Structure formats: C-alpha cells, structure tokens
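Every chain is numbered from 1 and lettered A, B, ... according to where its sequence line falls, protein lines coming before strand lines. In this text, all values refer to a predicted model and were calculated from it rather than measured experimentally.
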Number of protein chains: 2
Amino acid sequence: MAKAATAEMIATAEHVFREYLRDRGLKYTRERQALLRAIMSSDQHFEAEQLLLSMRQSGLRIGKATVYRTLPLLVNCGIVKQVQFSNNAVHYEHTYGQDPHDHMVCRRCGRIIEFDAADVARLRTILAARHRFHALSHRFQIVGLCEPCVQACPVATRPILVPPVSKGRRK
Amino acid sequence: MAKAATAEMIATAEHVFREYLRDRGLKYTRERQALLRAIMSSDQHFEAEQLLLSMRQSGLRIGKATVYRTLPLLVNCGIVKQVQFSNNAVHYEHTYGQDPHDHMVCRRCGRIIEFDAADVARLRTILAARHRFHALSHRFQIVGLCEPCVQACPVATRPILVPPVSKGRRK
DNA sequence: GTCAATGCAAACATTTTGCAACTCT
DNA sequence: AGAGTTGCAAAATGTTTGCATTGAC
C-alpha cells in the first residue's frame, strides 16, 4: 500500500462498493461502511485480525465474523487485494485508486518494496497467449535481500530464515 | 510438477539432502528418507495431509508431526518448493532436477498449467536491479481461465469464484 | 415487513508443541 | 553415550458456521 486514500477517493470507493452490493441484493450496512473506510484510510498492508483490533480500538463495535465475511466482498469488487508475503499470514491491501504494483520481500528484515506492475502485466499477456490462457490477474513477488541488509552483513551467503515465532503463551 | 524423478535423480537428491542435514548436525533418519523418496517419486502437487495419507497407505508408519517438521527442511535445501494456488491450502512440489517453471491457474476448473520461468526470471533480474534489491527467487502465478473453460461458457464475463467447500461434517 | 447481516460462541482445519521413548552417528 | 528425532496427543491459530437478534431497504 503506497498511500492512504483521499476523502474523495473514499467516497468514490463507497459508491463502487454500494453498487456492487446492490447489484446482488446485498446491504450496505454501517459495519461494511466502517470497514471500507478504515481500510481505505490505511496506508499499510494488514491482516484480518489487525483490522479487527484497530477498529475496536477506534471504539467501533464489530464482530470478528463480520470482518471475515466482508473482506471477500471487498476483494471481489476489486477494492481490496490479497497479498501473500511469507506463509502463515494472509495480508490485504486496498488497491482502489492505486497504481498496480507488485512486491519485493526482504527475507532478512521483512521490508516490502513496491514496484510498478506494468512490465509484469506485459509479460503475463505474452505468456498467457503462448499457452492459450485467458489471463485475468497475476500474483508476483520477488524474494531476496534489500540493500541495507546486504550492506549490514555481506558475508551471509545463506539468507536467514524467518525464525518460527509463536504469538504469546506456551512455556 | 512435471514428472516423477528417475531412480538416479532420487539417489542424487538423497545425497543432497543428506549433505544438507549433516552440515548442520541433523540426522538422516529413515522417516526423512521415506518422505524424500515419496515426494521425488510423485509427479503431482501435494499438501502435507495428502502426503501423510499416501505414505500411510503405502504401509509406512509415520507421524503427522514428522511430515510437518520435515517439509521445511526439504524446502530450505531446495529440493521442494512451496506453491500457493488458491488460498486455503499450501501446496508443495519437488523441483529438484526439474526445469524452473511457474503456474497459470484456471479460476473456474482449477487446472494448473506450467510454463517455463526463464522469462520471468529475466524480468525479475531487471526489476531487482532497478530497485537495488538482491533477488534470490520469485513467486509468480497467472490467474485466469483456461481455453476449455472459455469455450464451454464464453458468456460468463465474471469468473466463477471457487465456492466455499468445507470438508465433511457440519449440520 | 422481509430478507440479509451481525455478534457470539462453538466448530473446524491446519499447524505447532511438549514430552517420553527411541535412533542415528 | 549423546544429541537429535519420532509419534502421540494436546494446544494454538486462523477461519468458518449456526443461530437468535438486529437492521437495511
């Protein structure tokens, strides 16, 4: 996610979402509106759980199930996109009004670098045509080491693997 | 996964795995050997659970935990690769001795088409250099519709989303 | 008023962990 | 012998579901 959306952008997204819902007989509830706004206002990649927490910390009363039920709607109508950095976590980012981009993920520090997806999209078209495939979208991600990490430790040929970190509890 | 490995290939992979383990003071147990062989002999993408089941059906006594603990080792030493088709499932494939490839995934029927990754790797190098990033690998996947699916139903503009399928139980 | 959505808790699937017994080196 | 490994069952995670109540249109 590069930048938080402007108020106008959010308004437009709300319109899009609303249309999407109406078209299939679904309702534009206050919870869905609140989720959309929270997501559009953010400039970060996020997980479902995080989103839930941040909304509750903002004083909003919202259930976990609602978050899990709403995210797919936003993905389907194209406002939000799923991204997968490491395993063990599904991340989301809002893409509405953003330039298409993909990500480079640093294996050592986890830094995310976004880059323009135009070249990738172009290649995807060529490859799809070559296999008589009808491309609709792609997922692309470059894994490696960012410059600062290489500078900090140029000797470590083998990248450091993310240590298994559990969240709380256990002896 | 394009093809099952030949006996020689498996032997070589065993050697590689053994070295990898020895280098870090780990042991080449019969369970690890059995897992490696099963994986190398397969020509399919697979999930952890599937692997466990197929090994047990072959009469091998092996614990679930062992499978989950061994897969990361095989991934780290480069014999196995994780691939992620849809959400809700981590798939693996053995890549040792296989040509580098990426996947196209049909949204409607789930068919997987493999294609040579050379062009993608080339692009990845260019992109990485442009951002002073040190690329080590990539994940690429083209999502869309395969030819048969388009032929079967050319009218459906909106791709059919995988219906939420739970495995057994519930009301 | 009707039909869909919400929140909660319970159910689930998947993966991880502790631990005692066991095995590779 | 000793350090790492195994299997099992229990724990933990992340996500989904049933259901009664609430709310949007």
Side-chain angles (χ1 to χ4, degrees), chain A residues 14 17-36 46-53 55-56 59-76 82 84-92 161-171, chain B residues 14 17-36 46-53 55-56 59-76 82 84-92 161-171:
Chain A
E14 287 192 52
F17 191 30
R18 195 158 194 163
E19 292 273 283
Y20 169 88
L21 291 173
R22 181 171 32 189
D23 284 354
R24 43 213 89 199
L26 305 180
K27 293 168 184 170
Y28 189 59
T29 64
R30 97 189 43 170
E31 287 82 2
R32 288 178 180 169
Q33 183 183 55
L35 279 165
L36 175 57
F46 63 90
E47 299 174 42
E49 192 71 26
Q50 277 172 35
L51 178 60
L52 177 67
L53 284 177
M55 297 206 59
R56 284 182 171 170
L60 292 168
R61 230 181 142 281
I62 192 163
K64 172 180 300 197
T66 301
V67 173
Y68 279 103
R69 286 189 274 229
T70 302
L71 280 172
L73 296 174
L74 289 165
V75 170
N76 284 353
Q82 274 194 353
Q84 187 117 119
F85 296 130
S86 59
N87 255 3
N88 327 336
V90 179
H91 285 235
Y92 295 88
L161 299 162
V162 254
V165 175
S166 49
K167 303 181 181 177
R169 61 73 220 230
R170 261 162 198 155
K171 157 174 180 186
Chain B
E14 287 192 50
F17 191 30
R18 195 159 194 160
E19 293 272 284
Y20 169 87
L21 292 172
R22 180 169 35 188
D23 285 355
R24 43 213 86 198
L26 305 179
K27 292 166 182 170
Y28 189 60
T29 64
R30 101 189 39 171
E31 287 82 2
R32 288 177 180 169
Q33 183 183 57
L35 279 165
L36 174 58
F46 62 90
E47 298 174 43
E49 192 70 27
Q50 277 173 34
L51 178 60
L52 177 67
L53 283 177
M55 298 206 59
R56 284 183 171 169
L60 292 168
R61 230 181 141 281
I62 191 161
K64 171 179 301 197
T66 301
V67 173
Y68 279 103
R69 286 188 275 230
T70 302
L71 280 172
L73 296 174
L74 289 166
V75 169
N76 284 351
Q82 274 194 355
Q84 186 117 120
F85 296 130
S86 61
N87 255 5
N88 326 337
V90 180
H91 285 235
Y92 295 88
L161 300 162
V162 253
V165 176
S166 49
K167 303 181 179 177
R169 60 69 219 225
R170 260 158 200 162
K171 159 182 178 183

Side chain to side chain contact (heavy atoms under 4.5 Å, CB included), paired with A:E31, selected from A:L36, A:T70, A:T66 | A:T66
Can you tell me the distance, in whole Å, between the CG atom of B:L51 and the C1' atom of C:dT15?
-> 15 Å
Over how many whole Å does the gap from A:E19 atom CD to D:dC25 atom P extend?
-> 13 Å
For A:L52 and C:dA9, what is the distance between atoms CG and P respectively, to the nearest whole Å?
-> 13 Å
How close or far is atom P of C:dT15 from atom NE2 of B:H91, stated in whole angstroms?
-> 10 Å
Under 4.5 Å between any side-chain heavy atoms of A:E49 and A:L52, yes or no?
-> yes
Using rotation axes that map the C1' atoms of four end pairs onto the next four (five pairs an end), what angle separates the end axes of the helix from C:dG1-D:dC25 to C:dT25-D:dA1, to 10°?
-> 40°
Roughly how many Å is it from CG in A:L35 to C1' in C:dA5, rounded to a whole number?
-> 12 Å
Interatomic distance, B:L51 atom CG to B:K64 atom NZ [nearest 0.5 angstrom] = 12.5 Å
CZ of A:R24 to CD of A:E19: how many Å apart, nearest 0.5 Å?
-> 11.0 Å
Spacing of B:D23 atom CG relative to C:dT25 atom P, expressed in whole Å = 14 Å
Mind calculating the distance between CD (A:E49) and P (D:dT13) to the nearest angstrom?
-> 10 Å
Residue pair B:Y68/B:R30 against DNA chain C: nearer the 5' end by closest nucleotide is B:Y68
Nearest-angstrom distance from the residue atom CD of A:Q50 to C1' of D:dT15 | 16 Å
A:R69: partners by side chain to side chain donor-acceptor pair (under 3.5 Å), with sequence neighbours left out = none
For nucleotides 1-7 of chain D, read 5' to 3', which letter fits each nucleotide if B means a protein heavy atom sits under 4.0 Å from the base, S means only the sugar-phosphate is that close, and - means neither?
-> -BBBSBB
Looking at A:V67 and A:A48, what are the two nearest heavy atoms and their distance?
-> CG1-O, 3.9 Å
Aromatic plane relationship, B:Y28 with B:F17 - under 30° parallel, 30 to 60° tilted, over 60° perpendicular | perpendicular
Evaluate the ring planes of A:F85 and A:H91, with Trp represented by its six-membered ring, and classify them as parallel (under 30°), tilted (30 to 60°) or perpendicular (over 60°).
-> perpendicular
Distance (rounded to the nearest 0.5 Å) between A:R30 CZ and A:I62 CD1 | 11.0 Å
